[in-house]
Amino acid sequence: MNSYTRRGFLGLTSAAALGAGLSACTGGGTSTSGGDSAPASNNLRVFTYEDDTTIGLLKAQIKKFDEQNGTTTTVDSLPGSGAAVYPDKLRTELLGGKGPDVWRIWGGQIGSPFAKAKQALDLTPYYSKYGWDSKINTAAIGGMTFDGVKSGVPYLALGIGAWYNKSLLAKAGLSAPPTSYAELEAMNDKLVAVGVTPCGLGGKYGWDIMRLFEYLLEHTAGPDLHDKLLAGDESWDRPEVVEAFTLFKKWQDKKWLPQGALGLDPADIEPGYVQGKVAYTITGPWTEAQAILSAKKSSSAFGTFELPTDQSPSRHSGFVEGYMINAKTGNADKAAALLDFIVQPATQKALQITASTVKGAEPDPKSLPLAAEWSQKYAGNPFYTIQDQAFPKKQADQYFSVQSDLLQGSMTPEAAAKKMQEIVSAWAKG
Amino acid sequence: MAAVALSKPSTAKATRSGKWSPWLFALPALVVYVAFLVYPAVSSLWFSLTDWDGLSATYNFVGLDNYFKLPTDPVVLTAVRNNVIWTVVTIAVPTVIGLGLAIALNGKVHGKPILRLIFYTPAVLPLVSIASIWGWLYNPQYGAINSFLRLIGLDGLAQPWLGQDSTALWAVMVPAIWLRTGFPMLLYLAALQGIPNELYEAATVDGASRWQQFWHVTMPSLRPAHYIVLALSLIDSFKVFDMIYAMTYGGPGTATQVMGTWMYANVFQYYQAGYGTAIAVVITVVAVAVGIPYVRSQTREAS
């Protein structure tokens, strides 16, 4: 099998085009954008997915960095797109030869392709230079390390839990959140009995409703087995997985999920607990700023709890987010300096990061009381990798398809477990 | 004679320059065409013969492997079936409705310009807005469609329209029909206005009924318009991507995947650019094959 470089092909075809007298239109863009680094300058570009509630904070901090370092940094954001769309845009920018110097990205299998394709710079020298190993949470660094290469700097280690509407729980006669799975089911029944949909999750894109299944799998399989399943080290075709799929279907059949949940957009249904349409949702601390405070509601009307797994240790789903540096940037040193600035506790606090990977940057209980409470109570608990970061996108989509078939009744829990084993083993072998 | 002899060289010069002048006028458009269509198309064809992941600097040549994989991919089979259903429905229904509206608006109707505007407005709305609006209308619990059905006592018909395999594709086709009806309506309206009144007067004198006039005068006179509507709609339908992507993201599961969205998923999300590009090549070949009769008919008319 012959190996080729994309640049080589583009160069050849450009040359052919030049030969045909068409250099004016095709030659320039491709022949000059080879694999070399861009020239050094004082200009940086950051690509992120901050929304309207946080982009101002980031820009203010970056302005501060620019003033201190004599740089000019542009910040571009693609808010609200989620992991389903943002990486596509980033990829297109990188291939177009005008990629950002620094980009924000999720860890695990979402960030992995950028590291493996060597689009992201190996940051090992900068980890030594800035001592990030000793400053940043080790588990979080693991989420941005691919094939042993530290390709990103994590600054967020987010935990997923239940965020609920106190008045709707009170309407069902509940004064405290559940502490066991049986209590959670009992709570759901009481909510349905008073006409309240318990859990607001949407199946469009797959990743939102997945948060319920991964929790159920943690409950039935326990931490060790769950981790081995995610890594493809144990077969999915087993009773614990069948039980988790059975429970998953039960949640829909007992109307603990919204009607037609599979077709709902997470962006529409997730804030439902704030709007009083559902009792709770399964999400992370960002929801306090994005859903509660942006709706001009008081945080005191809402609460959080870790979904009870009845397992030891008690774990929740979690994931990391961080920044990568473009391998082709001409400003790697300045970009690394910017990342070091971002992971300073003072900057993290100014950015109102709800789950920072550095100590001394815990959320402010005055501005984000629920995020602070979550951090205090549960951030110390271990977490399992959220499933859409545990699997590559293709396998994750196949898994979402299994979820969909199961909830629609076209696949039994036993068949779903078997199908999952096929999907995961094909990936693990590959 | 002398005058003729004297003018010979200048005539030859003019002929020579005349030979090149059409090309000079065409050159700017040709350059753009080659740069933004031919060159990317040739690149895509090449990448469809490789295992490029869409990000890495290197890749391997794999011959026709990606094309051989297509028939064994169950999602491709779903996508082709969905494309065929989509094409048939989103051509037939808007064309028939568009023709009906055009005939109605061509008659003596009050407020014609406003009605035309109303019927054509969906065609100019941003697709993502349309997808969001219809997404809300279809909301199983709070959407207007289910609320209306419950209001009139048809609770049993209230469905999770976008959340089940059996209805999702059809539910996406409804807004597609809604937004695509304006285009054939405008074309047919323009064509109808070009039919001479004398033909109808003669038919009336011959005792033809309205129905007979429609079939024997209107329809034959609209033949060129039919051709344009059908050819452009066919190409448009086969390229469907945006409505599906915005409304269902190809789901539930893969129930509403079409070739366009499956190509996008492979190229941009699964890092299988070689395979995804092979899907794109197939879409292009089919669209071109469909477009050829239209282009030929246009060329024939022009010549």
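Reminder, nothing fancy here: chain letters follow the sequence lines and each chain counts from 1.
There is no contact between B:Tyr138 and chain A, counting heavy-atom distances below 4.5 Å. Using a 4.5 Å cut-off between heavy atoms, A:Gln259 touches chain B through backbone and side chain atoms alike. Neither the backbone nor the side chain of A:Lys89 comes within contact range of chain B, judged by heavy atoms closer than 4.5 Å. Contact annotation for A:Tyr399: neither backbone nor side-chain heavy atoms come within less than 4.5 Å of a heavy atom of chain B. Using a 4.5 Å cut-off between heavy atoms, B:Val267 contacts chain A through both its backbone and its side chain. Contact annotation for A:Lys204: only side-chain heavy atoms (C-beta onward) come within less than 4.5 Å of a heavy atom of chain B. The part of A:Thr92 that comes within reach of chain B is its side chain, from C-beta onward, which places non-hydrogen atoms under 4.5 angstrom from that chain. Contact annotation for B:Trp161: neither backbone nor side-chain heavy atoms come within less than 4.5 Å of a heavy atom of chain A.
More than 12 heavy atoms of other shown residues, nucleotides or ligands fall within 6.0 angstrom of atom NZ in A:Lys249. Summarising the local packing, CZ of B:Phe148 is surrounded by 12 or fewer heavy atoms from other residues, nucleotides or ligands at distances under 6.0 Å.
Ranked by heavy-atom pairs shorter than 4.5 Å toward chain A, the options B:Asp165, B:Asn139, B:Val38, B:Thr248 are led by B:Asp165. Comparing B:Gly135, B:Pro140, B:Pro160, B:Ala158 by heavy-atom pairs within less than 4.5 Å of chain A, the highest count is held by B:Pro140. In terms of heavy-atom pairs under 4.5 angstrom with chain B, the leader among A:Ala261, A:Ser404, A:Gly206, A:Gly202 is A:Ser404. Here A:Asp397 is the residue among A:Thr197, A:Asp265, A:Leu264, A:Asp397 with the most heavy-atom pairs under 4.5 Å with chain B.
When all heavy atoms of A:Ser401 and B:Gly253 are compared, the pair lying nearest together is OG-CA, 3.5 Å. Between B:Leu55 and A:Pro113 the shortest heavy-atom distance is CD1-O, 3.7 Å. The minimum heavy-atom distance between B:Pro252 and A:Gln408, with the atom names listed, is CB-NE2, 3.6 Å. The heavy-atom pair separating B:Gly163 from A:Leu262 by the smallest distance is O-CB, 3.5 Å.
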I'd like to know whether B:Tyr271 forms a side chain to side chain contact (heavy atoms under 4.5 Å, CB included) with A:Lys116, so could you lay out the CA-CA distance, the side-chain angles of the two residues, the decisive distance to 0.1 Å, and finally the verdict. CA-CA 11 Å; B:Tyr271 302 101; A:Lys116 288 185 176 168; over 6 Å; no
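Although no hydrogens or angles enter the test, the distance criterion places no donor-acceptor pair under 3.5 Å between the side chain of B:Gln141 and the main chain of A:Pro258.
One distance of note links OH of B:Tyr270 with CD of A:Gln398; it measures 7.0 Å at 0.5 Å rounding.
Between B:Gln269 and A:Asp88, the closest side-chain pair of non-hydrogen atoms falls below 4.5 Å.
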